[in-house]
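Scope of the values below: all heavy atoms of this structure, side chains included, with no hydrogens, waters or symmetry mates. All values derive from a computational prediction rather than experimental measurement.
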Amino acid sequence: MSDISLRPSHKKQFRKRVFSLLTFFIFAMLLLLLRIGFLQIVHHDSYITASQGNSEQADIIFPRRGEVFDRNGMIIIKNSEDNCITLTLGFLKKKQEKVVIKRLAKILNMSVRDILRKKAKKLRRDRNRNSPIKIKTGVLLKTIIKIRENMSLYPGVRDITMSRRIYNAGEAISHVVGYIRSISERDYRKLKHLNRYKPISDIGKMGIERIYDLALRGHEGRIVKLVDAYSRPIHEIESKYRAPIPGKSLILNIDINLQDLAYTALGGRRGAVIVTKPHTGEVLALVSSPSFNSNIFYGNPNLRKNYNALRTHPDKPLFNRALAGFYPPGSTFKLVAAAAALNEGRATPETAYTCTGRYELGDRIFRCWETHGYTTLRSAIRQSCTYYFYRLGERIGYELIYKYARLFNYGKLSEIDLTGERAGILPNNRWKITRFGEKWYEGDTLNMAVGQGYTMVTPMQVHSMVSIIANDGVLMKPQVLKKIINTKTKEVEKVIYPQVLKRRFLKKEVLKFLHQAMRLVVKSGTAVWVSSIAPDIAIGGKTGTAQNPFGAPHAWFTSFGGVNLPASERIAITVLVENQEAGGGGAAAPIAGILYNYAYQK
């Protein structure tokens with residue numbers, strides 16, 4: 001057998017390969033040793049934990065929701081602590097789920113069906129089985145203690161503390177503040193990208209609670225506990241603790257005493273009241289009647305029954321009439337026709353017609369509520385002569401009325417910082433063709449000039465009109481919120497400053513005339529009742545009795561106090577009362593008089 005020998009060049013290649021192999025082997029061994037050391041030293045505790053059957057459990061710490069105060073510092077919404085029970089399906093084996101839910105239903109005095117319904121609702125919005133389901137709020141402490149003492153029977157069950165809202169002001173302010181409820185599937189899908197909401201979260205559902213939810217809700221914290229194999233806590237892991245950040249507090253422009261007074265003055269009748277400072281847009285009161293109690297929406301075992309009762313009630317207490325109710329504006333709208341005619345030079349304060357109590361247009365008869373005889377524009381506003389405004393409407397045409405109605409903000413939103421506002425209906429020829437398939441007729445113009453026909457407005461839109469007149473032609477954005485306060489530092493984080501929505505479009509002499517004519521309405525015209533209630537306040541206003549095809553007419557009074565004062569000291573009040581034979585002067589104006597007495601005496 002011959003010896004095998006390598007050429008010099010092959011020997012050199014062989015040595016390189018052996019060296020590379022040894023180098024790789026040594027490097028791999030070093031990595032392995034480093035990894036072993038890392039696991040033994042850095043993760044020593046976690047492996048010891050696992051070997052003993054222990055694990056970490058992270059729970060949400062819900063922050064306190066921000067409190068809400070009125071302009072004088074009176075608390076409107078506060079918090080108390082509420083004990084809640086949650087269930088996390090990820091901690092359960094499939095065969096355990098049915099048993100645990102049955103035990104939970106028994107100890108919480110619930111039906112299994114209710115828990116399964118909550119489970120199904122949660123999984124529709126979030127399929128993650130490791131996020132908790134809110135099972136019940138308002139759980140008694142003795143029940144929580146029983147669950148804690150028997151954690152091995154309730155795997156996945158946790159008790160957490162949440163803020164319970166307490167609405168101090170009752171029904172009077174519910175449409176302004178709103179309420180909170182568990183987040184809906186729709187809201188969760190829409191907002192989860194913000195990383196501020198969980199399937200278990202509460203959320204504002206109306207009013208201030210909704211509009212300023214992100215400011216009020218704060219930021220959630222986290223507490224991590226070491227638990228044993230039976231989910232019993234061993235100790236907290238301090239390094240993983242994250243403190244919750246409480247929500248901001250809100251100070252509103254609302255005067256809660258004035259709000260209560262307005263709600264009481266309506267006396268349970270269907271209607272709305274709005275009180276503002278037109279120079280700044282501050283909303284001092286906004287009432288819709290009848291109303292509801294915001295406290296029923298949290299922790300109420302009969303919530304579904306109570307909510308359905310409110311939703312189906314014939315008086316619609318959940319409906320915000322001040323912002324969303326549609327009504328013919330009636331004679332309040334005559335101010336639009338008067339302003340349009342004067343501002344465009346189509347009439348003067350002395351332009352006169354002789355009211356015969358009825359006006360004939362073709363084969364149609366348009367009636368006035370009285371025979372006023374010789375009437376100028378000034379006396380037509382004072383006496384609310386419908387005949388006069390039929391003739392004035394015919395004189396200036398619907399296009400001009402429509403143009404000025406838009407300038408007065410009819411057919412538009414006021415941009416108030418509340419939910420649910422609607423823009424009303426301001427008709428023209430195009431609208432009528434689209435809606436009914438027929439053109440605009442002369443009779444439609446006559447009806448529009450006196451606030452009847454197709455025109456439908458909200459109380460807030462009528463209030464925007466009178467605010468423009470009261471504030472010397474300038475419309476400010478109505479604002480409920482005044483300030484945002486840092487709850488921890490008590491410092492003001494944000495101040496809401498007045499915001500102009502519309503600059504003056506009326507001539508000064510037109511505004512002066514409107515002030516004088518509206519003052520006569522209260523001194524000796526259709527709202528003379530107000531003078532007897534608030535004799536020391538110079539109030540200008542306009543009544544309206546809007547015909548209603550479904551029943552008694554609706555009563556209007558829109559006004560401002562301080563005609564003789566600078567615009568900065570004026571207060572505007574609009575009152576609507578549904579289905580009142582007494583009309584605007586008898587049903588709506590006296591309510592305004594009561595409110596003016598409070599506002600100016602204060």
Side-chain angles (χ1 to χ4, degrees), residues 65-82 137-138 163-181 202 204-213 216 249-275 283-303 305-325 416-420 459 480-482 573 575-578 591 594-595 598-599 602:
R65 197 168 173 88
E67 295 180 322
V68 180
F69 302 84
D70 87 336
R71 64 187 299 112
N72 301 309
M74 294 184 66
I75 191 160
I76 297 173
I77 310 174
K78 63 181 182 180
N79 300 299
S80 68
E81 290 190 346
D82 187 30
T137 59
S163 288
R164 181 190 183 96
R165 293 302 249 178
I166 299 175
Y167 299 91
N168 282 345
E171 294 184 357
I173 200 170
S174 292
H175 290 98
V176 173
V177 297
Y179 56 91
I180 64 169
R181 287 185 66 180
D202 291 326
K205 298 297 287 186
M206 182 192 284
I208 290 297
E209 291 276 33
R210 178 71 174 192
I211 294 293
Y212 297 107
D213 186 72
L216 287 165
S249 292
L250 305 183
I251 297 178
L252 307 184
N253 285 311
I254 296 288
D255 180 329
I256 193 59
N257 291 326
L258 183 62
Q259 181 87 10
D260 284 338
L261 185 61
Y263 188 70
T264 302
L266 280 169
R269 293 171 291 180
R270 294 188 298 271
V273 177
I274 302 169
V275 186
V283 178
L284 305 180
L286 189 145
V287 168
S288 178
S289 174
S291 186
F292 59 94
N293 192 326
S294 296
N295 289 301
I296 71 167
F297 288 96
Y298 191 87
N300 181 359
N302 298 314
L303 174 58
K305 180 181 177 181
N306 294 156
Y307 179 75
N308 285 336
L310 289 172
R311 190 173 54 82
T312 58
H313 196 284
D315 288 338
K316 300 181 179 179
L318 292 171
F319 182 60
N320 190 339
R321 287 169 163 81
L323 301 183
I416 189 171
D417 51 335
L418 289 177
T419 54
V480 175
L481 180 65
K482 189 178 186 70
I573 299 178
V575 180
L576 165 82
V577 190
E578 292 183 14
I591 293 174
I594 293 168
L595 301 180
Y598 170 85
K602 189 176 180 184

Closest heavy-atom pair and its distance - Asp315, Pro290: CB-CG, 3.6 Å
Without swapping roles, check the side chain of Asp202 against the backbone of Ile180 for a donor-acceptor pair under 3.5 Å. no
Does any N or O in the side chain of Thr419 come within less than 3.5 Å of the main-chain N or O of Gly207, such that one atom is a donor and the other an acceptor? yes
The reported gap from CG in Asn168 to CD in Glu67 (rounded to nearest 0.5 angstrom) is 9.5 Å
Minimal non-hydrogen separation, Leu266 against Ala272, with atom names: CD1-N, 4.2 Å
Taking the side chain as C-beta and beyond, is there a heavy-atom pair between Asn306 and Phe292 under 4.5 Å? no
With side-chain contact (heavy atoms from CB on, under 4.5 Å) as the test, would you mind laying out the steps for Ile211 and Val480 before giving the verdict? CA-CA 11 Å; Ile211 294 293; Val480 175; over 6 Å; no
Show me, pair by pair, the donor-acceptor contacts under 3.5 angstrom made by side chains of residues 73-81, not counting sequence neighbours?
unit_1 : atom_1 : unit_2 : atom_2 : d
Asn79  : OD1    : Arg165 : NH1    : 2.9
Asn79  : ND2    : Arg65  : O      : 2.5

To the nearest 0.5 Å, how far apart are CD1 in Ile573 and CG in Leu595? 5.0 Å
Between Asp255 (side chain only) and Leu284 (backbone N and O only), is there a donor and an acceptor less than 3.5 Å apart? no
Run Glu209 and Tyr179 through side-chain contact (heavy atoms from CB on, under 4.5 Å) and show every step you take. CA-CA 6 Å; Glu209 291 276 33; Tyr179 56 91; 5.8 Å; no
Heavy-atom nearest pair, Ser294 first then Gly178, reads OG-O, 2.8 Å
Interatomic spacing from CZ in Phe69 to OG in Ser249 - rounded to 0.5 Å: 5.0 Å
May I ask you to decide if Phe319's main-chain N or O and Ser288's side chain share a donor-acceptor pair within less than 3.5 Å? yes
Show your reasoning for whether side-chain contact (heavy atoms from CB on, under 4.5 Å) applies to Val176 and Val283. CA-CA 10 Å; Val176 173; Val283 178; over 6 Å; no
His175 (side chain) donor-acceptor with Pro317 (main chain) under 3.5 angstrom: yes
Nearest-0.5 Å distance, CG of residue Leu418 to CG of residue Leu481: 10.5 Å
Distance from Arg181 atom CZ to Met206 atom CE, nearest 0.5 Å? 10.5 Å
Distance col, row Arg71:CZ vs Lys482:NZ, nearest 0.5 angstrom, shows 4.5 Å
For a quick test of reading the model, state the closest non-hydrogen atom pair linking Ala169 to Asp260 and the distance between them. O-OD1, 4.1 Å
Going through the checks in order, is the side-chain contact (heavy atoms from CB on, under 4.5 Å) test met by Gln259 and Asp70? CA-CA 10 Å; Gln259 181 87 10; Asp70 87 336; over 6 Å; no
Note, Asn308 side chain near Arg311 side chain (heavy atom, < 4.5 Å): yes
Sole candidate of Ile254, Val287, Leu258, Leu261 that passes side chain to side chain contact (heavy atoms under 4.5 Å, CB included) when paired with Val275: Leu258
Under 3.5 Å donor-acceptor, Asp82 side chain and Gly138 backbone: yes
Does Asn320 use its side chain to pair, donor to acceptor, with the backbone of Gly420 at less than 3.5 Å? no
Any side-chain to backbone donor/acceptor pair from Ser289 onto Arg269? Under 3.5 Å, distance only. yes
